[in-house]
*Asks:* 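Questions regarding the structure given below will be posed in turn.
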Amino acid sequence: MTTETPERGALHEFLGRHERFLLTTHVNPDGDAIGSEVAFARWLQGMGKQVRILNDSPTPAAFTWLTAGTPIETYDPELCERRFAEADALVVLDTGNRHRIGRLARHLDLHAIAIAVVDHHATHEGFGKVNVIEPALAATASIVYELVRESGAAFDLLSAEALYVGLFTDTGNFRYSNTDARAHHMAAELVRAGVDPQDVTSRVHATAPAGRLRFFGEVLAALEMLDGGRLAVIEAAPEHFARHGLEGSDTEGLVDMPRVIAGVEVVALFSEVEPGKVKVSLRSTGRLNIDQVCAQLGGGGHPHAAGVQMRGSRADARARILPELSRLIGSLEGAGTPGGSA
Ligand code: AMP
Ligand code: MN
Ligand code: MN
């Protein structure tokens with residue numbers, strides 16, 4: 001088999017050496033996390049391997065249709081013990097940070113299990129025996145796609161759809177800066193394999209309860225424009241979530257909305273689902289790299305899309321994050337002449 005890198009070769013060998021696999025991904029999984037797991041599991045099943053998937057957090061409703069045939073279990077201490085005991089290898093997808101797999105992390109210390117990491121984040125530890133970490137690729141799904149291709153295996157329709165979901169969600173529907181020729185080429189190949197883009201995207205996007213839009217409306221009505229219109233800030237409070245019966249994953253897509261405002265360089269969302277737990281999401285519209293702002297607080301992500309989980313109030317989180325963003329914005333050429341209205 002010809003593989004693109006020695007690490008990929010090591011991963012193919014790793015998969016050949018083991019029989020019973022457990023797959024997992026990061027907390028609050030997104031389309032890339034779930035899509036990559038599903039396609040990876042189906043690939044392993046095609047090789048005659050045993051596969052289980054266990055995540056810290058439940059699968060968002062938008063992606064449950066992908067799990068027909070490869071159920072995804074949600075963390076429970078006893079179930080997790082059992083799954084670790086049964087498996088001889090763990091494959092971690094879409095994160096290279098040990099703490100990002102949530103409550104599964106503490107079971108790693110109790111079991112001598114071989115670990116492989118497949119991820120595309122630049123801020124990583126790579127805690128596996130084998131680490132296929134490729135920040136040049138738009139999505140973990142892109143790495144999985146290329147691994148399957150290298151192995152010579154064929155894609156069934158659901159695997160192709162799962163990979164397509166991973167790709168279009170992580171590229172913001174082919175709009176973010178990670179959207180390159182390779183991403184479009186992969187999309188074209190998946191469409192050729194039978195994926196219907198209109199059908200698949202509507203299955204993912206048309207799943208919101210009406211309350212989510214009312215919630216977006218309330219949160220966006222309080223949008224703040226700082227730093228001469230270059231920084232857009234939105235906050236979601238526990239009351240907002242409670243009023244509409246929503247959970248953390250219901251912010252999906254919210255942080256992208258202020259990107260449409262002329263002159264915006266960075267969008268920051270402070271989302272407090274439970275009092276004292278704030279999830280910060282940052283987006284750059286292209287000129288600034290904001291991942292370091294999150295990485296230095298224990299989070300991470302990509303240059304133009306990053307996040308961090310923080311303890312304390314929204315005011316505390318703002319006090320740590322906003323001055324850093326203002327400093328970055330101030331470093332831009334021509335930052336003295338505001339581009340938007342405050
Ligand atoms: P989000 O704002 O949750 O959509 O995340 C944007 C990007 O940042 C994704 O690539 C995430 O994997 C990454 N990210 C979000 N939260 C964290 C975190 N707490 N630690 C590390 N990376 C994160
Ligand atoms: Mn992800
Ligand atoms: Mn990803």
Side-chain angles (χ1 to χ4, degrees), residues 23-40 55-57 59-60 62-63 92-102 105 117-127 132-145 162-173 175-179 183 186 204 232-234 236 247-259 266-271 273 277-284 289-311 317 320-321:
L23 309 186
T24 196
T25 187
H26 58 78
V27 293
N28 305 320
D30 48 26
D32 190 29
I34 302 294
S36 297
E37 287 186 317
V38 167
F40 206 95
N55 295 339
D56 176 272
S57 333
T59 305
F63 309 120
V92 179
L93 294 149
D94 202 36
T95 181
N97 286 356
R98 199 184 143 101
H99 74 271
R100 288 272 289 155
I101 64 173
V117 171
V118 178
D119 183 33
H120 69 129
H121 290 88
T123 47
H124 61 79
E125 297 151 8
F127 59 96
V132 176
I133 296 175
E134 303 187 11
L137 285 180
T140 298
S142 311
I143 309 175
V144 176
Y145 167 80
L163 293 171
Y164 192 82
V165 167
L167 182 64
F168 87 74
T169 54
D170 258 32
T171 55
N173 303 308
R175 283 179 306 157
Y176 295 164
S177 58
N178 57 354
T179 308
M186 169 178 162
V204 169
V233 177
I234 43 181
E247 52 192 46
S249 62
D250 282 299
T251 57
E252 183 69 40
L254 178 58
V255 69
D256 291 310
M257 301 209 144
R259 297 165 62 102
V266 180
V267 183
L269 164 65
F270 296 90
S271 173
V273 189
K277 278 177 79 176
V278 179
K279 164 83 209 288
V280 182
S281 286
L282 302 183
R283 296 290 185 273
S284 160
N289 292 349
I290 40 71
D291 51 341
Q292 280 312 313
V293 175
C294 293
Q296 72 194 17
L297 295 168
H302 307 282
H304 298 160
V308 57
Q309 189 75 49
M310 298 179 75
R311 297 214 168 271
R320 302 291 293 277
I321 300 278

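Note that ligands are numbered from 1 as they come in the structure, with each ligand's atoms numbered from 1 the same way.
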*Asks:* For ligand 1, is there an atom lying under 4.0 Å from some heavy atom of Lys279?
*Replies:* yes
*Asks:* For the Mn ion (ligand 3), which protein N/O/S atoms fall under 2.8 Å? Skip waters.
*Replies:*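 Protein N, O or S atoms closer than 2.8 Å to the Mn ion (ligand 3): Asp32 OD2, Asp94 OD1, His120 NE2, Asp170 OD2.
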*Asks:* With the threshold set at under 4.0 angstrom, would you say His121 reaches ligand 1 through any of its heavy atoms?
*Replies:* yes
*Asks:* For atom 7 (C) of ligand 1, which protein heavy atom lies nearest, and how many Å away is it?
*Replies:*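 Minimum-distance protein heavy atom for atom 7 (C) of ligand 1 reads Ala305 O, 3.3 Å.
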*Asks:* What's the shortest distance from atom 6 (C) of ligand 1 to any protein heavy atom, and which residue and atom give it?
*Replies:* Arg283 NH1, 3.6 Å
*Asks:* Could you go step by step and tell me if Asp94 and His120 meet the side chain to side chain donor-acceptor pair (under 3.5 Å) rule?
*Replies:* CA-CA 7 Å; Asp94 202 36; His120 69 129; 3.2 Å; yes
*Asks:* List the closest protein heavy-atom neighbour of atom 11 (C) of ligand 1: residue, atom name, distance to the nearest 0.1 Å.
*Replies:* Arg100 NH2, 3.8 Å
*Asks:* Looking at Gly307, is its backbone amide N or carbonyl O close enough to the side chain of Ser281 to form a donor-acceptor pair, meaning the two atoms are under 3.5 Å apart?
*Replies:* no
*Asks:* Would you mind listing which atoms of ligand 1 come within a distance below 4.0 Å of any non-hydrogen atom of Gly301?
*Replies:* 8 (O), 13 (C), 22 (N)
*Asks:* Out of all atoms in ligand 1, which are within 4.0 Å of some heavy atom of Gln309? Include the element for each.
*Replies:*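 That gives atoms 19 (N) of ligand 1.
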*Asks:* Nearest 0.5 angstrom please: Asp32 CG to Leu93 CG, how far?
*Replies:*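 The CG atom of Leu93 is 9.0 Å from CG of Asp32, to the nearest 0.5 Å.
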*Asks:* Atom 2 (O) of ligand 1: which protein heavy atom is closest, and how many Å away?
*Replies:*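 Here the closest protein heavy atom is Ser281 OG, 2.7 Å.
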*Asks:* Does His99, backbone or side chain, put an N or O under 3.5 Å from an N or O of ligand 1?
*Replies:*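 Checking ligand 1 against His99, no N or O pair falls under 3.5 Å apart.
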*Asks:* Enumerate the atoms of ligand 1 whose separation from the nearest heavy atom of Gly299 is less than 4.0 angstrom.
*Replies:*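 Listed by number with element: 18 (C), 20 (N), 21 (C).
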*Asks:* Atoms of ligand 1 less than 4.0 Å from His302 heavy atoms?
*Replies:* 10 (O)
*Asks:* Just to check, does Val308 reach to within less than 4.0 Å of ligand 1 when the distance is taken from its heavy atoms?
*Replies:* yes
*Asks:* Among all protein non-hydrogen atoms, which one is nearest to atom 17 (C) of ligand 1, and what is the separation to 0.1 Å?
*Replies:*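 Ranking protein heavy atoms by distance from atom 17 (C) of ligand 1, first comes Gly307 O, 3.2 Å.
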*Asks:* So, does Glu37 use its side chain to make a donor-acceptor pair with the main chain of Thr25 at under 3.5 Å?
*Replies:*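 Yes.
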*Asks:* Of all residues at least two apart in sequence or in a different chain, which pass the side chain to side chain contact (heavy atoms under 4.5 Å, CB included) check with Ala317?
*Replies:*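 Residues passing side chain to side chain contact (heavy atoms under 4.5 Å, CB included) with Ala317: Phe270, Val278, Val280, Met310.
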*Asks:* Considering non-hydrogen atoms of the protein only, which is the closest contact for atom 21 (C) of ligand 1, and what is the distance?
*Replies:*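 Nearest protein contact, heavy atoms only, for atom 21 (C) of ligand 1 is Gly300 N, 3.1 Å.
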